[in-house]
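What follows is one structure encoded as structure tokens, with my remarks underneath.
Given the structure is predicted, the values throughout are model-derived calculations rather than measurements. Because only heavy atoms are used, hydrogens play no part in the values below, and waters and symmetry mates are left out as well, while side chains stay in. Below, chains carry the letters A, B, ... as their sequence lines are ordered, and counting in each starts from 1.
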Number of protein chains: 2
Amino acid sequence: MSSKNDSRENILSAATRLFHIQGYHATGLNQILKESGAPKGSLYYHFPNGKEQLAIEAVNMMARLIEGELREHFSLFDDPVQCIQYHIQFIAKKFDDIENLKSLPVGLMAAETSLFSEPLRTACLSAFEGWEKLYCDKLIQQGYEDTFAKEISTVINSMIEGAITRSLANKNGAPLYLAAESIQLLLKK
Amino acid sequence: MSSKNDSRENILSAATRLFHIQGYHATGLNQILKESGAPKGSLYYHFPNGKEQLAIEAVNMMARLIEGELREHFSLFDDPVQCIQYHIQFIAKKFDDIENLKSLPVGLMAAETSLFSEPLRTACLSAFEGWEKLYCDKLIQQGYEDTFAKEISTVINSMIEGAITRSLANKNGAPLYLAAESIQLLLKK
DNA sequence: GTCTATAAGCCGATAGAC
DNA sequence: GTCTATCGGCTTATAGAC
């Protein structure tokens with residue numbers, strides 16, 4: 001891999017972390033550059049459309065990252081309830097060491113930018129829809145009815161994003177653990 | 001009411017609206033002052049601790065506002081499922097006219113500021129806990145077991161906040177309507 | 001491709017006249 | 001209590017040397 005890609009990737013991975021933890025408006029380009037070690041000139045070389053483009057690519061990167069985690073967690077059990085509970089508890093564990101929180105899904109970015117930037121909104125929407133597709137497929141595969149699977153997937157994804165916010169306010173993962181418990185109520189056959 | 005209180009209330013109500021729709025960092029004091037018609041000097045007279053104090057009072061105001069709506073909706077039916085569904089659909093309707101969205105709960109503020117300002121985090125937490133107390137009391141009153149009522153109240157509140165974010169990304173209230181439907185699964189006796 | 005210097009504007013906050 | 005002028009710092013973005 002050439003140094004060109006290193007620089008680009010350093011910027012993008014710092015941006016992905018900071019945007020998703022601090023939010024879009026609280027994160028300055030200077031902070032991203034400082035953490036990535038790259039100078040400002042190369043940011044605008046690699047991301048000519050500036051902050052908005054960087055944020056869109058950061059959301060896409062986070063989307064793929066979470067998608068990978070979901071695929072992994074879905075391969076652990078046949079039962080969707082167990083898989084989804086495992087996934088939520090996996091997120092909840094990050095709150096045990098809240099000072100070193102280093103990645104969260106796109107909920108904050110979506111809430112901040114959906115009324116502010118149409119391209120950013122659609123990037124967040126694509127992330128949500130991609131994850132929900134994975135929930136849905138797993139549910140259908142295990143015998144749930146198609147329409148129910150699709151609808152409950154959106155509900156589950158919403159619940160997870162909300163429980164993350166609630167856990168942030170709580171300064172611990174308790175609300176996420178409660179959400180995990182309630183998955184069996186939502187998916188009771 | 002004296003003009004002193006008018007000025008203070010104008011600033012606070014503009015701040016409440018803007019903070020909860022745009023977020024803390026995206027909302028400038030200049031914008032709040034412009035919308036409220038007050039000059040900058042009087043903002044710092046009424047809110048000597050500046051932006052953070054203003055945001056805390058805005059969260060408290062929104063907490064009381066939603067609390068009033070919840071009390072009203074809880075008086076409509078005996079069945080908690082019906083009450084909560086009514087409340088969620090009440091929020092969902094605001095997304096029919098998304099351009100004129102004028103108030104949302106504190107989810108965005110909580111997600112943005114919980115790792116940023118401890119006083120703001122606790123203000124958001126108090127808002128959440130106040131609403132959840134109302135859910136909990138209604139559930140206990142209708143025969144649900146105490147521990148279950150308390151836990152499911154946090155889950156319901158989380159789900160609502162998450163469904164709001166999901167509806168913002170969707171640019172319509174569909175995810176909130178799905179969340180409303182799923183309340184009966186969470187509260188099935 | 002990389003890097004620096006700088007522009008132009010907005011931010012929150014303050015001082016001080018009235 | 002109200003209002004204005006202004007400060008220092010930060011923001012995104014750009015111009016241009018290397």
Checklist entry - For the residue pair H87(B) and H73(B), does the interplanar ring angle fall in the parallel (under 30°), tilted (30 to 60°) or perpendicular (over 60°) class? => result tilted
Checklist entry - Is K171(A) close enough and on-axis enough to F95(A), meaning under 6.0 Å and within 45°, for cation-pi? => result no
Checklist entry - How are the rings of F128(B) and W131(B) set relative to one another: parallel (under 30°), tilted (30 to 60°) or perpendicular (over 60°)? => result perpendicular
Next on the checklist: Check K133(A) with D137(A), please: is the shortest side-chain N to carboxylate O separation under 4.0 Å?
Outcome noted: yes
Next on the checklist: If you compare every side-chain N and O of H46(A) against the phosphate oxygens of dT2(C) (OP1, OP2), does one of them come in below 4.0 Å?
Outcome noted: yes
Checklist entry - Would you say a side-chain N or O of Y44(B) is under 4.0 Å from OP1 or OP2 of dT14(C)? => result no
Checklist entry - How far apart are the C-alpha atoms of L12(A) and T16(A), what are their side-chain angles, what is the distance that settles it, and do they pass the side-chain contact (heavy atoms from CB on, under 4.5 Å) test? => result CA-CA 6 Å; L12(A) 185 53; T16(A) 302; 4.1 Å; yes
Checklist entry - Whole Å only: how far is the CD atom of E52(B) from the P atom of dG12(C)? => result 13 Å
Checklist entry - With a cut-off of under 6.0 Å to the ring centre and 45° to the axis, is K138(A) in cation-pi contact with F77(A)? => result no
Item to check | Length of the line joining L43(A):CG and dC3(C):P, which is rounded to integer Å | outcome: 13 Å
Checklist entry - Within 45 degrees of the axis of the six-membered ring of Y45(A) and under 6.0 Å from its centre: does K40(A) put its NZ or CZ there? => result no
Checklist entry - Which part of the nucleic acid, if any, lies within reach of N30(A) when heavy atoms closer than 4.0 Å are counted: base, sugar-phosphate only, or nothing? => result base
Checklist entry - In residues 31-42 of chain A, which residues come under 4.0 Å of DNA chain C by heavy atom? => result P39(A), K40(A), G41(A), S42(A)
Checklist outcome for this item: Separation of dA7(C) atom P from L29(A) atom CG, nearest Å, is 19 Å
Next on the checklist: From CD of E9(A) over to P of dT2(C), roughly how many Å is that when rounded to an integer?
Outcome noted: 13 Å
Checklist entry - For the pair made of CG in N10(A) and P in dT2(C), what is the distance, rounded to whole Å? => result 11 Å
Checklist outcome for this item: The nucleotide from dT2(C), dT12(D), dT2(D) with an atom nearest the side chain of S7(A) is dT2(C)
Next on the checklist: Nearest whole Å is fine: how far is dT12(D) C1' from F116(A) CZ?
Outcome noted: 11 Å
Checklist outcome for this item: Whole-Å distance, N49(B) CG to dT14(C) P, equals 9 Å
Item to check | Spacing between F47(A) atom CZ and dT2(C) atom C1', to the nearest angstrom | outcome: 15 Å
